[in-house]
Amino acid sequence: MAYTTHEIQRIESKWQAFWQKQKTFQAEADPSKKKFYCLEMFPYPSGRIHMGHVRNYTIADVVARFKMMQGYNVLHPIGYDAFGQPAENAAIKNSTDPGKWTYRCIEQMHADFIKMGFSYDWDREIATCDEQYYKWNQWIFIQMFKKGLAYKKASPVNWCPSCETTLANEEVIENKCWRCKNEVEQKDLEQWYLKITEYSEQLLQDLGTLKNWPLRVCAMQENWIGKSYGVEMYFKEVKTGETIPIFTTRPDTIFGATYVVLAPEHPLVERLVDGTSRETDVKVFIEKTKNLSKSLRMSGDQRKEGVFTGAYAVNPVNGEEVPIWIADYVLMEYGTGAIMAVPTHDQRDFLFAREHSLPMRIVIQDPQRPDLTVEKMTEAYVGPGKLVHSQRFDGLENEGAKHKIAEWMEGQKTGTITVHWRLRDWLISRQRYWGTPIPMIYCKTCGTVPVPDQDLPVVLPKNIQITGEGGSPLAQCKDFVEARCPKCGASARRETDTMATFFDSSWYYLRYCDAHNHDKIFDEDKARYWMPVDQYIGGIEHAILHLLYSRFFTKFLRDLGLLKIDEPFDRLLTQGMVLKDGEVMSKSRGNIVDPGSVIERYGADTLRLFILFAAPPEDQLEWNDGAIDGAWKFLSRIYNAAQKRHRPVKGDFDARNFDQDDQGLYRELHAAIRKVTSDFSEDLKFNTAIAQIMILMNRLEKFDPCGDEGKQALLNRAIETVILLLAPIVPHLCEELWQTMGFSPSVMKAKWPCFDEQALLQRTALVVVQVNGKVRAKVELPADAAEEVLRSLVLANEKIAGYVSGKEIRKFIVVPNRLISIVV
RNA sequence: GCUGGAGUGGCGGAAUUGGUAUACGCGCUGGUCUCAAAAACCAGUGUCCUUACGGGCGCGUGGGUUCGACUCCCACCUCCAGCACCA
């Protein structure tokens with residue numbers, strides 16, 4: 001038999017059936033066993049799996065299987081992030097039901113996962129669109145509502161006109177909808193929010209505890225949360241006496257503030273200009289900025305436009321009256337929507353001041369240019385220096401002056417030391433059908449009332465006509481909208497918005513711990529046993545969205561008393577993308593390689609091996625048709641070795657009788673165990689682990705047992721080791737060969753091999769000899785010999801003598817068993 | 001602009017953390033087998049000089065530290081990713 005397509009298919013389906021039947025990967029919480037929770041980001045069920053899934057889930061599968069062989073009690077579940085817009089769009093297009101479409105996709109994906117040989121505990125498979133799942137979305141929402149963490153407010157929101165729904169800040173990428181890439185508009189709506197900002201400080205602080213997360217993910221979250229320390233200062237408008245709070249991180253420049261700028265949307269603007277000669281100009285400008293889309297306003301040359309309001313404000317530190325302007329470069333969403341402008345030390349203010357001939361004053365002296373004047377300035381000076389023109393603070397270094405001025409202003413009650421956050425509350429209302437109904441009822445007398453627990457879930461009605469037009473589909477479903485008030489029983493109206501699907505995925509890893517609990521979101525003891533997730537694997541695109549929301553939910557559920565942990569994911573790996581011809585695989589580019597056709601021809605094992613060998617998991621991976629052939633050849637060689645060269649023997653080998661050949665193979669064998677074990681457990685560098693197994697194979701194939709029983713026993717051991725080390729990567733073939741070699745299945749229950757430190761010790765070492773930094777010879781020398789011995793041996797070497805003789809040896813450096821460096 | 005990361009053969013990528021640069025694989029060249037081809041196996045494969053022995057040069061660029069630098073330090077270039085009129 002050869003490792004042909006036919007044979008591959010026989011082997012793979014045989015073992016897939018075996019695992020299914022034996023429930024090899026079923027997990028049971030058992031506090032007496034060491035647990036390992038291995039998780040991949042669950043897929044959106046869109047049909048057949050693609051190479052991105054294959055890569056993500058193969059990496060996870062190797063970790064899960066490896067930990068299992070190491071004796072851990074492994075939880076490795078899968079499910080489907082099944083609510084969401086693509087199902088709705090597909091339903092509109094094919095005039096079918098989003099539910100039917102989704103469940104069909106789930107079926108296909110499930111089948112594909114089986115074909116890949118993934119080690120899932122199928123008894124825990126979940127789909128977020130199941131009533132028994134989204135019931136708990138609603139339950140969490142109500143708990144949040146009760147704690148004041150879910151609330152409704154009217155506010156300008158991000159609106160995607162093409163998806164006809166609102167979007168969270170995190171879903172807006174460069175002012176475009178993350179899903180359909182259409183330009184996002186602003187709209188005033190009353191919507192549900194989750195108060196994630198309540199956890200800003202913790203979400204930021206605890207990033208420091210995530211030692212096993214990629215730095216860049218933590219950095220991205222830190223930027224997103226965006227904590228900045230500063231002072232809120234109170235300027236007073238001269239005529240009305242109204243207070244204008246402004247936020248600044250640079251209180252050290254307050255004496256250089258020569259004007260104030262409000263955002264065009266600032267509520268004070270109207271009051272300042274109404275009935276004045278500036279009214280028309282200001283209103284024309286406001287209209288103009290409104291009509292400019294946000295991305296246009298922020299793009300291009302960033303020229304700053306604005307108009308004078310005619311009003312003045314008093315600088316609280318020196319009583320100076322400064323003009324109040326409005327300008328497009330001040331945003332209502334950040335800070336207080338008003339700034340003090342210090343053109344000498346802020347480049348944006350500088351450009352604006354030049355454009356509109358506004359006054360400037362230097363208050364920080366550039367130590368390199370003591371003669372610098374406002375007239376000579378070509379750009380704002382943003383470096384450090386001593387304060388000038390700042391009254392009592394003159395002469396202070398500006399860094400230190402920040403605190404001094406802030407404290408002084410607080411004492412004067414002209415300012416407050418504050419912290420500003422970039423993070424906003426999470427807008428979760430969506431005007432779409434295929435999502436979790438928000439479990440709220442509006443009663444004329446009782447107001448907004450949550451649906452009582454016993455009435456959960458609020459079931460998403462089926463057989464809804466979805467046209468994609470005319471607003472929220474649920475609002476048009478009379479039976480759904482009409483309800484009774486849970487408090488007073490009067491007729492009431494149901495909330496018709498559904499939840500953003502990121503709500504669903506913010507806690508699914510907890511549900512896996514106890515997937516079929518009908519009475520509770522999950523059993524606390526089970527969650528305590530399994531959580532946190534030990535290894536989480538998924539795409540970098542979730543660096544902020546899903547990973548931030550999940551951290552928030554974990555902290556909330558902890559505060560409810562359901563969890564004891566602060567963070568859900570201990571180790572995080574973000575896998576790279578799969579490319580073809582240097583570009584991301586995508587339908588529109590037409591460069592998709594379908595995993596199904598690769599499996600059909602080469603088998604899942606070959607695909608798994610290739611995808612792990614081609615690049616380290618975090619890097620991008622370039623698809624290569626030739627290299628996949630190479631992966632298959634390698635498996636073919638293993639197949640042949642196990643089938644033809646593994647023979648039963650009576651005794652075992654004895655290391656004391658080893659000749660040089662035996663010694664070499666034995667050493668390579670243990671080098672492979674060591675390398676593979678560390679690569680699998682630490683950096684998850686599967687490419688180098690596989691390379692090491694290949695080295696062992698190369699050695700093993702050259703090894704000739706010469707009919708000797710001891711040698712044959714050693715060869716057997718080497719082949720068995722290859723099978724064990726490769727089993728997490730290439731599970732079907734290894735199960736088959738494990739059985740062929742006479743062991744009882746499953747190889748997953750076999751013990752992971754241990755390496756023998758002694759085996760790696762060598763009697764002699766090939767030592768490189770350098771003279772004046774250049775490699776001049778390679779000499780076989782006794783291992784761990786004393787310097788004196790080495791010295792005489794090396795100097796006796798003919799080649800070295802040629803370089804050294806007659807010269808004074810100034811240094812003789814020994815790196816044990818590796819290198820000798822001579823300086824003459 | 002800020003943040004994080006990367007630059008090594010024809011290609012994907014290694015390098016025990018300062019110690020033989022290019023492991024492993026792909027590709028390519030030559031050979032064995034064959035009527036022939038494929039497969040398989042064997043050998044070679046950074047670059048320049050040399051018939052050869054051998055030697056020079058080579059990890060984005062330039063400098064530095066060191067007996068020794070892909071690795072550490074300084075300055076710069078290029079590319080990728082994320083954020084961004086954030087006050």
Side-chain angles (χ1 to χ4, degrees), chain A residues 2 173-174 214-224 226-228 230-231 246-250 253 261 263 297-304 327-331 333-342 346-349 351-352 382 420-422 540-541 543-544 574 576-577 579 609-610 613-616 618-631 633-634 636-637 640 671 674-675 678 685 687-698 701 766-778 809-824:
Chain A
I173 315 286
E174 289 177 344
L215 257 179
R216 66 167 170 159
V217 174
C218 292
M220 281 161 79
Q221 292 212 359
E222 195 178 327
N223 288 340
W224 188 262
K227 184 179 192 175
S228 51
V231 180
I246 67 106
F247 175 71
T248 181
T249 54
R250 295 295 305 275
T253 63
V261 191
R297 185 170 151 188
M298 300 191 308
S299 74
D301 56 5
Q302 305 212 332
R303 242 184 67 216
K304 282 129 191 62
D328 54 6
Y329 77 99
V330 175
L331 309 172
E333 308 93 85
Y334 188 79
T336 59
I339 63 157
M340 66 167 188
V342 185
D346 181 290
Q347 184 61 18
R348 292 155 303 168
D349 296 343
L351 291 174
F352 190 79
V382 293
H420 262 275
W421 302 89
R422 203 178 157 280
I540 186 72
E541 67 273 18
I544 294 170
T574 50
M577 298 212 252
L579 309 181
L609 179 69
F610 164 75
F613 183 55
E618 308 233 38
D619 290 11
Q620 299 197 320
L621 183 151
E622 176 70 31
W623 185 265
N624 181 333
D625 287 317
I628 193 147
D629 220 55
K633 277 182 206 164
F634 178 62
S636 193
R637 280 161 56 198
N640 288 333
R674 181 171 68 172
K675 178 77 175 146
S678 81
K685 290 176 77 183
N687 54 334
T688 48
I690 293 165
Q692 196 69 45
I693 300 173
M694 286 173 167
I695 293 171
L696 173 58
M697 266 309 282
N698 291 343
E701 281 173 330
L766 186 64
V767 174
V768 171
V769 184
Q770 295 183 341
V771 180
N772 285 350
K774 290 208 186 294
V775 178
R776 295 301 183 190
K778 293 166 191 180
I809 295 176
R810 293 173 55 188
K811 275 189 183 175
F812 191 87
I813 297 152
V814 179
V815 181
N817 301 334
R818 196 173 293 282
L819 180 136
I820 288 168
S821 185
I822 305 168
V823 186
V824 295

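In what follows, chains are A, B, ... by sequence order, proteins preceding strands, each numbered from 1. Values below: all heavy atoms of this structure, side chains included; hydrogens, waters and symmetry mates excluded.
Each of A87(B), G13(B), A14(B) was ranked by its minimum atom distance to the side chain of A615(A); first place goes to G13(B). Comparing G13(B), G19(B), C85(B) by their closest approach to the side chain of S821(A) singles out G19(B). Counting only heavy atoms from C-beta on, R776(A) has its side chain closest to G56(B) among A87(B), C67(B), G56(B). Nearest nucleotide to the side chain of Y334(A), out of A40(B), G19(B), C86(B): C86(B). Comparing atom distances between the L331(A) side chain and each of C85(B), G19(B), G13(B) picks out C85(B) as nearest. Considering only the side chain of W224(A), C83(B) comes nearest among C26(B), A14(B), C83(B). For T688(A), taking side-chain heavy atoms from C-beta onward, the closest of the listed nucleotides A15(B), U20(B), C24(B) is A15(B). Across C86(B), G56(B), C67(B), the shortest atom-to-atom separation from the side chain of V823(A) is found for C67(B). Here the nucleotide nearest the side chain of A219(A), chosen from U20(B), U3(B), C85(B), is U3(B). In the set G25(B), C67(B), C85(B), G25(B) carries the atom at the smallest distance from any side-chain atom of M694(A).
OP1 or OP2 of A84(B) has at least one side-chain nitrogen or oxygen of R422(A) nearer than 4.0 Å. Side-chain nitrogen and oxygen atoms of N687(A) include at least one within less than 4.0 Å of the OP1 or OP2 phosphate oxygen of A14(B). Under 4.0 angstrom from either OP1 or OP2 of C57(B) there lies at least one side-chain N or O belonging to K774(A). For C86(B), one of the phosphate oxygens OP1 or OP2 lies less than 4.0 angstrom from a side-chain nitrogen or oxygen of R348(A). At the phosphate of A15(B), OP1 or OP2 sits under 4.0 Å from a side-chain N or O atom of K685(A).
Residue I813(A) is classed as a base contact, given a heavy-atom separation below 4.0 Å to a base. Looking at heavy-atom distances under 4.0 Å, G226(A) makes no contact with the nucleic acid at all. Within the nucleic acid shown, N698(A) comes within 4.0 Å of sugar-phosphate atoms alone, with no base atom in reach, counting heavy atoms only. Nucleic acid contact class of Q620(A) (heavy atoms, under 4.0 Å, all strands): sugar-phosphate only. Across all strands shown, P616(A) has heavy atoms under 4.0 Å from sugar-phosphate atoms exclusively, and none from any base.
In this structure, C70(B) makes no Watson-Crick or G-U wobble pair, since no nucleotide meets both defining distances under 3.5 angstrom. If you check A15(B) for Watson-Crick or wobble pairing at under 3.5 angstrom, you find it has no partner at all. Pairing of C2(B), defined by two Watson-Crick or G-U wobble distances under 3.5 Å, is identified with G82(B). Pairing of U29(B), defined by two Watson-Crick or G-U wobble distances under 3.5 Å, is identified with A43(B). The nucleotide U51(B) finds no pairing partner, because no Watson-Crick or G-U wobble arrangement with both distances shorter than 3.5 Å includes it. Both distances falling under 3.5 Å, in either a Watson-Crick or a G-U wobble arrangement, place A75(B) opposite U61(B). Look at G9(B): it lacks any Watson-Crick or wobble partner with both distances under 3.5 angstrom.
To the nearest angstrom, P of U3(B) lies 16 Å from CD1 of I544(A). Nucleotide A69(B) holds its P atom 9 Å from the CD atom of Q770(A), rounded to whole Å. Nucleotide A87(B) holds its P atom 12 Å from the CD1 atom of I246(A), rounded to whole Å. A straight line from CG of L819(A) to P of A15(B) spans 19 Å, rounded to a whole angstrom. Whole-Å rounding puts the R216(A) CZ to G5(B) C1' distance at 7 Å. Atom C1' of nucleotide G12(B) and atom CG of D625(A) are separated by 14 Å, given to the nearest angstrom. Taking atom OH on Y329(A) and atom C1' on A84(B), their separation rounds to 16 Å, with Å as the unit.
If I695(A) and R637(A) are placed on RNA chain B by their nearest nucleotide, the residue sitting closer to the 5' end is I695(A). Mapping A631(A) and V775(A) onto RNA chain B via the closest heavy atom, the residue that lands nearer the 5' end is V775(A).
The shortest non-hydrogen separation linking Y329(A) to A341(A) is OH-CB, 4.5 Å. The heavy-atom pair separating M340(A) from T248(A) by the smallest distance is CE-OG1, 3.7 Å. Taking both residues in full, the closest heavy atoms of F613(A) and N687(A) are given as O-CB, 3.5 Å, listed atom of the first, atom of the second, then distance. Residues A263(A) and V330(A) share a closest heavy-atom pair of CB-O, 3.4 Å.
Here the separation of C70(B) from G19(B), taken at their C1' atoms, is 13 Å to the nearest Å. The gap from the C1' atom of C26(B) to that of C80(B) amounts to 25 Å, rounded to the nearest Å. G12(B) and G82(B) have their C1' atoms separated by 26 Å, given to the nearest Å. The P atoms of C73(B) and U66(B) are separated by 16 Å, rounded to the nearest whole Å. G9(B) and G64(B) have their C1' atoms separated by 28 Å, given to the nearest Å. A gap of 26 Å separates the P atoms of G68(B) and A23(B), to the nearest Å. Here the separation of G46(B) from C11(B), taken at their C1' atoms, is 14 Å to the nearest Å. Spacing between C72(B) and C59(B) at atom P, rounded to whole Å, works out to 15 Å.
Residues K675(A) and T688(A) are in side-chain contact: their nearest non-hydrogen atoms beyond the backbone lie under 4.5 Å apart. Put simply, the side chain of E701(A) reaches to within 4.5 Å of the side chain of R637(A), judged on heavy atoms.
Look at G9(B): its glycosidic torsion is within 90° of 0, and that puts it in the syn range. In this entry the base of U29(B) is anti relative to its sugar, with a glycosidic angle more than 90° from 0.
Between the CG atom in L579(A) and the CG atom in L621(A) there is a gap of 7.5 Å [rounded to 0.5 Å].
F610(A) pairs in a side chain to side chain contact (heavy atoms under 4.5 Å, CB included) with only one of the listed residues (I690(A), D629(A), I628(A), D625(A)), which is I628(A).
The aromatic rings of H420(A) and Y334(A) sit tilted, their planes meeting at an angle between 30° and 60°.
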